[in-house]
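Take a look at the structure set out below.
Here the structure is a predicted model, which means the values were calculated and not measured. Counting convention: from 1, in listed order, for ligands and their atoms alike.
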Amino acid sequence: MKEIILAYQGEMTLKGLNRGKFEAGLAKSIRHRLEDLGPFKVHSAQSTVFIEPQEDDLDVDEAFRRISKVFGIVKLSRAVCCTKDFEDICRTAEAYLGPQLRGLRTFKVEAKRADKKYPMKSPEICRELGAYILSHHNYLRVDVHNPQLEIMVEIRDNGAYIHGPKVEAAGGLPVGTSGRALNLLSGGIDSPVAAYCMARRGLALHHIHFASPPYTSLRAKLKVQALACELSEYIGDCVLFVVPYTKPQEYIRDHAPAPLFTVLMRRSMLRIAEKVASKSAMEALITGESLAQVASQTMAALACTDAAQSLPVLRPLIGMDKTDIVAISRKIGTFETSIEPYEDCCTIFTPPHPKTKPTLAEIEAAEANMPGLAELEQVAADTVEKIFVRIGDQPEF
Ligand code: ATP
Ligand code: MG
């Protein structure tokens with residue numbers, strides 16, 4: 001029996017006139033994820049994407065696993081399709097789900113009629129199909145409240161679809177339908193979660209990472225590359241821009257008042273990120289900052305950081321506790337890589353007593369004493385390394 005995958009669209013069904021754009025974005029993401037698994041036909045109808053293997057031996061388990069990470073889908077099921085002839089529906093349901101019912105005590109049938117012209121109403125379909133199933137399984141009974149297995153029948157325009165319970169999928173909006181942004185990716189726990197949250201709202205992302213060799217090692221960079229690969233299961237192929245940041249960072253260390261060092265460095269990083277983003281038509285920056293987590297993430301420090309450049313800075317974790325962030329990090333599979341102990345440029349040269357309430361006036365005064373910084377930032381932006389991150393890559397570090 002040929003199984004297909006049904007992917008139920010979420011919030012995007014509310015998008016009115018823009019719905020076509022969202023559906024096209026979703027179909028594109030799904031095709032991209034399945035590309036190397038063989039030929040699958042992907043098409044949308046009635047708020048659902050139908051994913052049909054075009055050959056017998058395609059890996060439907062792997063296709064299902066991958067599609068469960070595609071944003072824009074709220075639920076998924078594996079199903080079989082048959083004609084809308086009721087006898088065919090009964091026979092197909094028994095052949096497909098009968099083996100799963102063996103050994104169970106309770107079940108229920110749920111019917112949904114997207115084809116409103118179908119001659120049987122939903123309660124009648126449930127009753128009649130339920131009776132048919134019962135006649136094939138001696139010890140089974142119907143439990144409408146707490147069944148061990150739910151059999152779903154969807155009567156659609158082009159046929160009937162039969163499946164077990166739907167499973168939760170990734171939710172959100174298809175990647176690329178909300179624009180493009182550049183994510184500041186460190187090796188920590190927070191920034192991969194920030195990328196995930198914003199991609200889930202439909203942003204197409206690339207990453208930028210600041211490396212300061214020899215203070216930061218090659219392995220630290222490879223760790224960031226590994227995180228970018230892990231994220232690509234959700235956000236698709238992307239570019240990791242690696243900025244050679246040693247010179248600007250040393251310059252700031254040598255010229256800045258120590259208590260202001262971190263905020264001055266964050267401003268410098270954002271200015272470079274803005275240059276890289278603008279070159280590739282990215283409309284916003286993303287960081288994993290969370291209010292009051294560290295000295296550079298107080299309101300006053302964030303205000304100074306924001307004033308450094310003109311792109312919007314999106315901070316999806318701003319109101320989250322670390323425990324919430326860790327829970328998402330575990331769920332999306334980046335946590336184990338994030339906790340590997342490698343140095344980050346943000347944790348070198350940090351002063352013992354960073355100022356938690358810097359003012360923009362004192363920050364700008366400090367920058368006026370750093371006339372060589374703009375040139376070093378420009379060189380760093382111009383010599384950025386581009387690493388292509390593809391789904392399925394697994395760099396060792
Ligand atoms: P994370 O767990 O993501 O490292 P953090 O709590 O350690 O975050 P900071 O080190 O202050 O916080 O960094 C705040 C944010 O700045 C990070 O979430 C990330 O977006 C960005 N950032 C920090 N270091 C780098 C880096 N080396 N390259 C790119 N972005 C960075
Ligand atoms: Mg960090």
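Close contacts between ligand 1 and Ile189 involve ligand atoms 2 (O) [criterion: under 4.0 Å to a heavy atom]. Every atom of ligand 1 with a heavy atom of Gln293 under 4.0 Å away is listed here by number and element: 5 (P), 6 (O). Every atom of ligand 1 with a heavy atom of Ile208 under 4.0 Å away is listed here by number and element: 29 (C). Near Cys345, meaning under 4.0 Å from one of its heavy atoms, ligand 1 places the atoms 27 (N). Atom numbering of ligand 1 starts at 1 in the shown order; those under 4.0 Å from a heavy atom of Thr287 are 20 (O). Residue-ligand proximity, Gly188 to ligand 1, at heavy-atom distances under 4.0 Å covers atoms 1 (P), 2 (O), 4 (O).
Note on Phe107 and Met152: separate hydrophobic clusters, where clusters join Ile, Leu, Val, Met, Phe, Trp and Tyr whose side-chain heavy atoms are under 4.5 Å apart, directly or indirectly.
One side chain, Ser186 or Ser191, offers a donor N or O that lies under 3.5 Å from an acceptor on the other. With no hydrogens or angles considered, no side-chain donor-acceptor pair links Arg330 and Ser338 at under 3.5 Å. Defined by atom type and a distance below 3.5 Å, a donor-acceptor pair is present between the side-chain atoms of Glu343 and Ser217. No hydrogens or angles considered: nothing links the side chains of Glu23 and Ser44 as a donor-acceptor pair under 3.5 Å.
Residue Ser186 has at least one N or O atom closer than 3.5 Å to an N or O atom of ligand 1. In terms of polar-atom proximity, defined here as any N/O pair under 3.5 Å, Phe210 does make such a contact with ligand 1. Considering backbone and side-chain atoms alike, Gly288 places an N or O below 3.5 Å from some N or O of ligand 1. For a threshold of 3.5 Å applied to N or O pairs, the pair formed by Gly187 and ligand 1 contains no separation below that value. For ligand 1, the polar-atom distance check finds no N/O of Lys322 at less than 3.5 Å from any of the ligand's N/O atoms. Inclusion of Leu184 in the set of residues having an N or O under 3.5 Å from an N or O of ligand 1 is warranted.
In summary, the aromatic rings of Tyr196 and Phe71 are positioned with their centroids under 6.0 Å apart.
A heavy-atom distance below 4.5 Å is found between the side chains of His145 and Asp143.
Only the side chain of Cys346 comes within contact range of ligand 1, with a heavy atom under 4.0 Å; no backbone atom does. Contact annotation: for Leu185 versus ligand 1, heavy atoms closer than 4.0 Å belong to the backbone alone. Proximity of Asp344 to ligand 1, defined as any heavy-atom pair under 4.0 Å, is confined to the side chain (atoms from C-beta onward). Contacts with ligand 1 closer than 4.0 Å are made by no heavy atom of Asn183, backbone or side chain.
Atoms CD1 and CG, on Ile286 and Leu205 in that order, are 4.5 Å from each other to the nearest 0.5 Å.
Residue-environment remark: NZ (Lys84) exceeds the threshold of 12 foreign heavy atoms within 6.0 Å.
Of the listed residues (Gln297, Arg315, Arg266), the one carrying the non-hydrogen atom nearest atom 16 (O) of ligand 1 is Arg266.
A side chain to side chain donor-acceptor pair (under 3.5 Å) with Thr48 holds for exactly one of His43, Glu154, Gln9, Arg156; it is Arg156.
Within the structure, ligand 1 has Met269 among the residues with a heavy atom less than 4.0 angstrom away.
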Applying salt bridge (Lys or Arg N to Asp or Glu O under 4.0 Å), run through Glu233 and Lys69 and close with a yes or a no.
CA-CA 7 Å; Glu233 291 225 42; Lys69 296 184 172 181; 3.7 Å; yes
